[in-house]
Undergrad: 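A single structure is presented below for examination.
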Protein chains: 2
Amino acid sequence: MEPAGATGQDGAGRLTRQTVLAAALELVDEHGLEALSMRRLGQVLGRDPMSIYRYAANRNELLAGVAELMLDELEVFPDDTNWQEQLRRIAHELRRVCLRHPNAVPLLVTGPLSTPLGLRPAGTLRPLEQILGILIGAGFAPADALHIYRAFYGFLYGHVLNELQELIADPEENEALLRLGLQRLPLRDFPHLRRLAPELLDYDGEQELDEGITILLAGLGEQLNAGRSS
Amino acid sequence: MEPAGATGQDGAGRLTRQTVLAAALELVDEHGLEALSMRRLGQVLGRDPMSIYRYAANRNELLAGVAELMLDELEVFPDDTNWQEQLRRIAHELRRVCLRHPNAVPLLVTGPLSTPLGLRPAGTLRPLEQILGILIGAGFAPADALHIYRAFYGFLYGHVLNELQELIADPEENEALLRLGLQRLPLRDFPHLRRLAPELLDYDGEQELDEGITILLAGLGEQLNAGRSS
DNA sequence: ACCTGAACACCGTTCAAGT
DNA sequence: ACCTGAACACCGTTCAAGT
C-alpha cells in the first residue's frame with residue numbers, strides 16, 4: 001500500500017530525473033512557485049534534500065527542468081495540412097499546456113532570459129526546431145522561417161500572459177471579486193476601465209487567440225509575398 | 001556633500017517610497033532580481049531592513065512597486081495623430097523601458113499573475129486606461145477597444161520577451177558565445193537551428209517589433225470593418 | 001506612537017564525516 | 001565511490017523591548 005497520493009514517494013525505489021521533475025511540477029501546480037524548495041521537494045519525495053543534487057545541479061537547473069517537462073506535454077503533429085493550420089494547432093496546444101500549469105508559466109516565459117540559446121535544455125529548443133522545420137518544409141527560406149517563428153511565438157507567449165492575468169482562481173466568485181476590484185479604482189482616473197467591467201468578465205481566451213493567429217498569419221503571408229526586394 | 005554614488009544613502013534624511021523603490025530598481029538593474037532582498041536593500045539605504053516595511057507591506061508589494069516605478073518611465077503622448085501611430089509609439093516606448101531594465105521585466109510580465117485587475121497598483125493600470133482612451137477617442141466601441149488592446153499588448157509583451165531571450169549580456173563575445181552554444185547542439189536533432197546561427201546573430205528587435213505592429217494593426221482594422229454582424 | 005533589533009522558521013549549498 | 005547530514009551564510013517576517 002502506497003503512503004501518499006499522486007507522485008507521493010517514500011524511501012523505497014530508485015529516483016529518476018523524471019520522477020524528481022514530475023514531483024517538482026506537481027508541487028508548483030499545487031502550492032505555487034515559491035513552494036518549490038529543495039528541502040520541501042526532498043520531503044515530498046521522502047528523501048534527504050541533498051539527494052536531489054544528483055538529478056539537478058542546483059535550484060535553477062531544477063526550475064529549467066520543470067519548464068522542460070512542461071514542454072514535453074506539447075505534441076507537435078507533422079501533418080500534411082498546410083503550415084498555417086499546424087501553427088494554429090500548436091498555438092492552441094501550448095495555450096492548453098499553460099492553462100494546465102499556470103503557476104509554472106513564469107518558468108517557461110522568463111526562465112531562460114539571457115541564457116544563450118545553445119545552453120538551454122534541449123526540450124526547450126525542440127518546439128523552435130520543429131516549427132522551423134514546418135516552415136522550411138512549406139517552402140520558406142530559413143531566414144523567413146525564423147521571422148515567422150518569432151512573430152508567432154511572441155504573439156503566443158503574449159497572449160498566454162494576457163489570458164493568465166485575467167484569469168482568477170475561484171470561478172464562482174469571479175464576478176464579485178472582479179467587480180469589487182474595479183470598484184476600488186477611482187472613477188475619475190479609470191473611467192474606461194470601470195465601464196468595461198462586464199466585457200472583462202466574459203473573456204474567451206481561445207477565440208481571442210485564434211483570431212490573433214489568423215490576423216498574424218495573414219499579415220505575415222502578405223508581407224513575405226510583397227517584399228521580395230528587401 | 002553626498003556620501004555615495006547614484007541612489008546611495010546613509011542614515012541621514014527621511015526616506016520616501018520613491019527613494020526606496022528607486023534604490024530597489026537600481027539593485028535589480030545591477031545585480032539581478034534575486035539580489036533584491038529586504039536586508040540588502042536596507043544595507044544599500046543605510047537603514048535597518050525593518051524600516052522598509054514602512055514603505056511596502058512586504059516583499060511582494062515591494063516588487064509590485066518596482067514594476068510600477070518602471071512603468072512610470074513610459075510616457076504616453078495624447079497627440080492628435082491617428083490611433084495607430086500612437087499605439088506604435090507606445091510600443092517602441094515600452095520596448096525601450098524594458099531594454100533599460102531587463103532584469104526587472106519578469107516583474108512587469110509575470111508579477112501580477114492572477115492578481116485581480118482592481119487590486120493592482122494604479123501605475124500598472126494606467127497604460128491600459130490610456131490606451132482604452134486613445135481607442136475610444138478614435139471612435140471604437142469600448143468592447144472593440146478592449147479587443148484591440150489585448151491583441152496589441154499581448155504582442156508587445158511577447159515581442160519583448162522574445163527579444164530579451166536573444167539578448168546576451170556581453171556584446172563583444174556575442175558571436176563566439178552564441179556560436180559556441182549552438183555547436184553544443186546535436187546536429188542531428190537541430191539542423192535548422194544550427195543553420196540559422198548567422199541570422200540569429202543580427203536580430204533587429206526594433207524593426208521586428210515595428211513590422212509586427214504594422215501587421216497586427218492592419219489586420220485588426222480589417223477584422224473590425226468586416227465583422228459588423230457579430 | 002514610533003523605531004529597533006533579537007528571534008523564529010525557513011532557504012540553497014558546501015563539505016567533512018561516515019559507509 | 002557514494003550517501004548523509006551538520007554547518008554556513010543567507011532569507012522574510014513577527015513581535016517584544018526599548019524610546
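Chain letters run A, B, ... following the sequence lines, proteins first and then strands; every chain starts at 1.
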Undergrad: Under the side chain to side chain donor-acceptor pair (under 3.5 Å) test, which residues partner A:R194, sequence neighbours left out?
TA: A:Q183
Undergrad: Roughly, in whole Å, what's the span from CG in B:L36 to P in D:dC11?
TA: 11 Å
Undergrad: Once you apply the 3.5 Å cut-off to both distances, tell me the Watson-Crick or G-U wobble partner of D:dA17, or none.
TA: none
Undergrad: Between C:dC10 and A:R39, is there an OP1 or OP2 to side-chain N/O distance shorter than 4.0 Å?
TA: no
Undergrad: Please name the nucleotide paired to D:dG12 by Watson-Crick or G-U wobble geometry with both distances under 3.5 Å, or report none.
TA: C:dC8
Undergrad: Whole angstroms only, please: what is the CG-C1' distance between B:L27 and D:dC11?
TA: 14 Å
Undergrad: Figure out the OH/P separation between B:Y55 and C:dC3, and round it to whole Å.
TA: 7 Å
Undergrad: Looking at B:S51, I'd like to know whether one of its side-chain N or O atoms comes within less than 4.0 Å of OP1 or OP2 on C:dC3.
TA: no
Undergrad: A:L33 has an atom CG; how far is it from atom C1' of C:dC11, in whole Å?
TA: 15 Å
Undergrad: Nearest whole angstrom, please: distance from the P of D:dC2 to the CZ of A:R47.
TA: 16 Å
Undergrad: For B:R96, is there an ion pair with B:E75 - N to carboxylate O distance below 4.0 angstrom?
TA: no
Undergrad: Rounded to the nearest Å, what distance is computed from the OH atom of residue A:Y53 to the P atom of nucleotide C:dT14?
TA: 7 Å
Undergrad: For residues 152-160 of chain A, which side-chain donor-acceptor pairs fall under 3.5 Å, sequence neighbours excluded?
TA:
unit_1, atom_1, unit_2, atom_2, d
A:H159, NE2, A:E163, OE1, 2.8
A:H159, NE2, A:G205, O, 3.3

Undergrad: Please report the distance, rounded to the nearest Å, between CE in A:M38 and C1' in D:dA9.
TA: 17 Å
Undergrad: Whole Å only: how far is the CD atom of B:E34 from the P atom of D:dG12?
TA: 12 Å
